[in-house]
Amino acid sequence: MSEQQPIGTDQPVAPGWTTHGPTTPAPTAPVKARRQPHADGLEYHQALRTPGTSWWRGVAAIIVFVIGFVIVSSVFGGIAIAIDTATGRVPIDQVGLVNSPIFFALSIFSLALVGPLAALTQWAFFGQRPRWIHSVTGGLRWGWLGRLAAVLIPVMAVYMIIFNLPAVTNPQPAPEWLWYLLVAIFLVPFQSAGEEYGFRGLINRSAATWSGNPHVAFALGTVISSVLFMFAHGAGDPWLNVYYFSFGVLLCTVARLTGGLEGPIMVHVANNLTALVISALTQDLSGMFDRAAGTGGPFMLIQIVFVAAISAGIIWWSRRQNLQTRTGARASSRPTISTSVPAR
């Protein structure tokens, strides 16, 4: 192919030149990289603390999330109550005291919506896209989640059968047990995950932004999220409140030491799913949400010890799996031998 000739001359145009001077190289399209919005080396509970993060963001995020949580729960609870009273399923004077499959389903569904609410609140106040709420890798580690499910659900099922042995050996299910069972199987996993995204994913890490010290940040996030988690259950029994607070503390610890929410989610899913499936098959669940004084007792300490043992096992297993626990380049939990030649 011949060189372009300038008008009015016999000389060819030199490469890189036009008739008016040197050419400017055409700009190339920037390469879109998967960029993390925070510094390297941060543990999961610290990952919302970015340079220039103001303390008020954590406060505002928690307040907005709690308000949203109350609104969503109230709306769906109100719809369920309206349906139950309009159909005569629950007398108006027993609203809030007697449970029904409709109230159970809509309450569980509203809690499942807490997960998206938490992820969007994180994005709004900290500029981190929803995928960063899952783990330090910026995504849900499905393989790790699946391995946890394969172990925890059978283990928790055996424990729940032993814990509820009197009801299991003398089952007296409610007439509508099938509806409760279907809700438990298809909605409870999403409800359990939603609560983890809300309390361990958003509230825990929002409060942790108030300190740059990782241990102080962990204490702040753990205490505040666990107290709010306890209050969210509305228990009037002190033993139940001790259990809910301890449950929150243990799962905050698992999230920190495994680098994400997969462990807390699966502990919560296995606990709620197996408990509700067994209860639906053996008991009348009309008083499921009764948490008044006297419904708990010292036996809840057994449950706390069991969840603590499960949590310790998950942390041990995550280290055996060499799971990434900090942001940035994958950091091995085991020493490796370098084969590179050091620079001189």
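Note on V75 and V72: same hydrophobic cluster, where clusters join Ile, Leu, Val, Met, Phe, Trp and Tyr whose side-chain heavy atoms are under 4.5 Å apart, directly or indirectly. Under a hydrophobic-cluster definition in which Ile, Leu, Val, Met, Phe, Trp and Tyr are linked whenever side-chain heavy atoms come within less than 4.5 Å, directly or via other members, V151 and I162 are assigned to different clusters. In the hydrophobic clustering of this structure, V158 does not group with V155; members are Ile, Leu, Val, Met, Phe, Trp, Tyr whose side-chain heavy atoms approach within less than 4.5 Å, directly or through other members. By the criterion of side-chain heavy atoms lying less than 4.5 angstrom apart, applied directly or through intervening Ile, Leu, Val, Met, Phe, Trp or Tyr residues, L42 is not grouped with L202; the two fall into different hydrophobic clusters. Note: the hydrophobic cluster containing L148 also contains M160 (ILVMFWY, side chain heavy atoms under 4.5 Å, direct or indirect links).
Side-chain contact between T253 and F218 is present, with at least one heavy-atom pair separated by less than 4.5 Å. Taking 4.5 Å as the limit, every side-chain heavy atom of W177 sits out of range of all side-chain heavy atoms of T282. Residues I108 and F76 have side chains not in contact (no heavy-atom distance under 4.5 Å, counting atoms from C-beta outward). Residues D40 and R326 are not in side-chain contact: their nearest non-hydrogen atoms beyond the backbone lie 4.5 Å or more apart. Side-chain contact check for F126 versus T50: every heavy-atom pair is 4.5 Å or farther apart. Between W55 and T209 the shortest side-chain heavy-atom distance does not fall below 4.5 Å. A heavy-atom distance below 4.5 Å is not found between the side chains of L257 and T325. A 4.5 Å side-chain heavy-atom check between L48 and R57 finds every atom pair outside the cut-off.
Of the possible donor and acceptor atoms, none in the side chain of T258 sits under 3.5 Å from a partner among the backbone N and O of S318. A distance-only check finds no donor-acceptor pair linking the side chain of E195 to the backbone of S192 [under 3.5 Å]. With hydrogens and angles disregarded, no donor-acceptor distance shorter than 3.5 Å links the side chain of R291 to the backbone of A235. Distance alone, capped at 3.5 Å, places no donor-acceptor pair between the T327 side chain and the V136 backbone. Of the possible polar contacts, one joining the Q122 side chain to the Q128 backbone as a donor-acceptor pair under 3.5 Å is found. A donor-acceptor contact shorter than 3.5 Å is absent between the side chain of N204 and the backbone of C252. Between the side chain of H268 and the backbone N or O of Q191 there is no donor-acceptor pair closer than 3.5 Å. Put simply, the side chain of D237 gets close to the backbone of L240: a donor and an acceptor are under 3.5 Å apart. Side-chain atoms of S206 do not come within 3.5 Å of backbone N or O of I62 as any donor-acceptor pair. In terms of modelled atom types and a separation under 3.5 Å, the side chain of S135 and the main chain of G139 share a donor-acceptor contact.
When all heavy atoms are compared, the tightest approach of S211 to L220 is CB-CD1, 4.1 Å. Between V254 and S311, the shortest heavy-atom distance links the atoms CG2-CB, 3.5 Å. Nearest heavy atoms, P116 versus A112: CD-O, 3.4 Å. Heavy atoms only, all atoms of each residue included: G263 and I314 are closest at O-CD1, 4.2 Å. In terms of heavy-atom proximity, F199 sits nearest to A232 at CZ-CB, 3.8 Å. A207 approaches G221 most closely through the heavy-atom pair CB-CA, 3.8 Å.
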Run the numbers on V227 and F245 for side chain to side chain contact (heavy atoms under 4.5 Å, CB included), then give the verdict. CA-CA 6 Å; V227 167; F245 180 80; 3.8 Å; yes
For a side chain to side chain contact (heavy atoms under 4.5 Å, CB included) check, start with the C-alpha distance between W210 and V216, then their side-chain angles and the critical distance, and finish with the verdict. CA-CA 9 Å; W210 301 335; V216 174; over 6 Å; no
Would D84 and S100 satisfy side-chain hydrogen bond (donor to acceptor under 3.5 Å, both in side chains), going step by step from the backbone distance to the final call? CA-CA 8 Å; D84 280 339; S100 73; 2.5 Å; yes
V114 vs Y197, side chain to side chain contact (heavy atoms under 4.5 Å, CB included): CA-CA, chis, key distance, verdict: CA-CA 7 Å; V114 169; Y197 285 118; over 6 Å; no
List the steps and the verdict of side chain to side chain contact (heavy atoms under 4.5 Å, CB included) for L181 and L281. CA-CA 7 Å; L181 181 64; L281 295 173; 4.2 Å; yes
For Q321 and R147, what are the C-alpha separation, side-chain angles and deciding distance, and is it a side-chain hydrogen bond (donor to acceptor under 3.5 Å, both in side chains)? CA-CA 11 Å; Q321 297 281 306; R147 292 191 293 275; 3.1 Å; yes
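Distance CG/L251 to CG/N271: 9.0 Å, rounded to 0.5 Å. With rounding to the nearest 0.5 angstrom, the CD1 atom of I304 is 8.0 Å from the OH atom of Y243. In this structure, OH on Y159 lies 11.0 Å from CD1 on I278, to the nearest 0.5 angstrom. For the atom pair CG (L113) and CD1 (I71), the distance works out to 13.0 Å, reported to the nearest 0.5 Å. Remark: L261 CG to L140 CG distance equals 8.5 Å, nearest 0.5 Å. Separating the CD1 atom in I161 from the CE atom in M156 is a distance of 12.5 Å, to the nearest 0.5 Å.
A cation-pi geometry, defined here as NZ or CZ lying under 6.0 Å from the six-membered ring centre and within 45° of its normal, holds between R200 and F229. Judged by the 6.0 Å and 45° rule, R205 forms a cation-pi pair with Y44.
Results of the ring pair (Phe, Tyr, Trp, His ring centres under 6.0 Å) test with Y180 over F104, F103, F186 single out F104 as the only residue that passes.
Around CZ of F190, the count of heavy atoms belonging to other residues, nucleotides or ligands within 6.0 Å does not exceed 12.
A distance below 6.0 Å separates the ring centres of W144 and W317.
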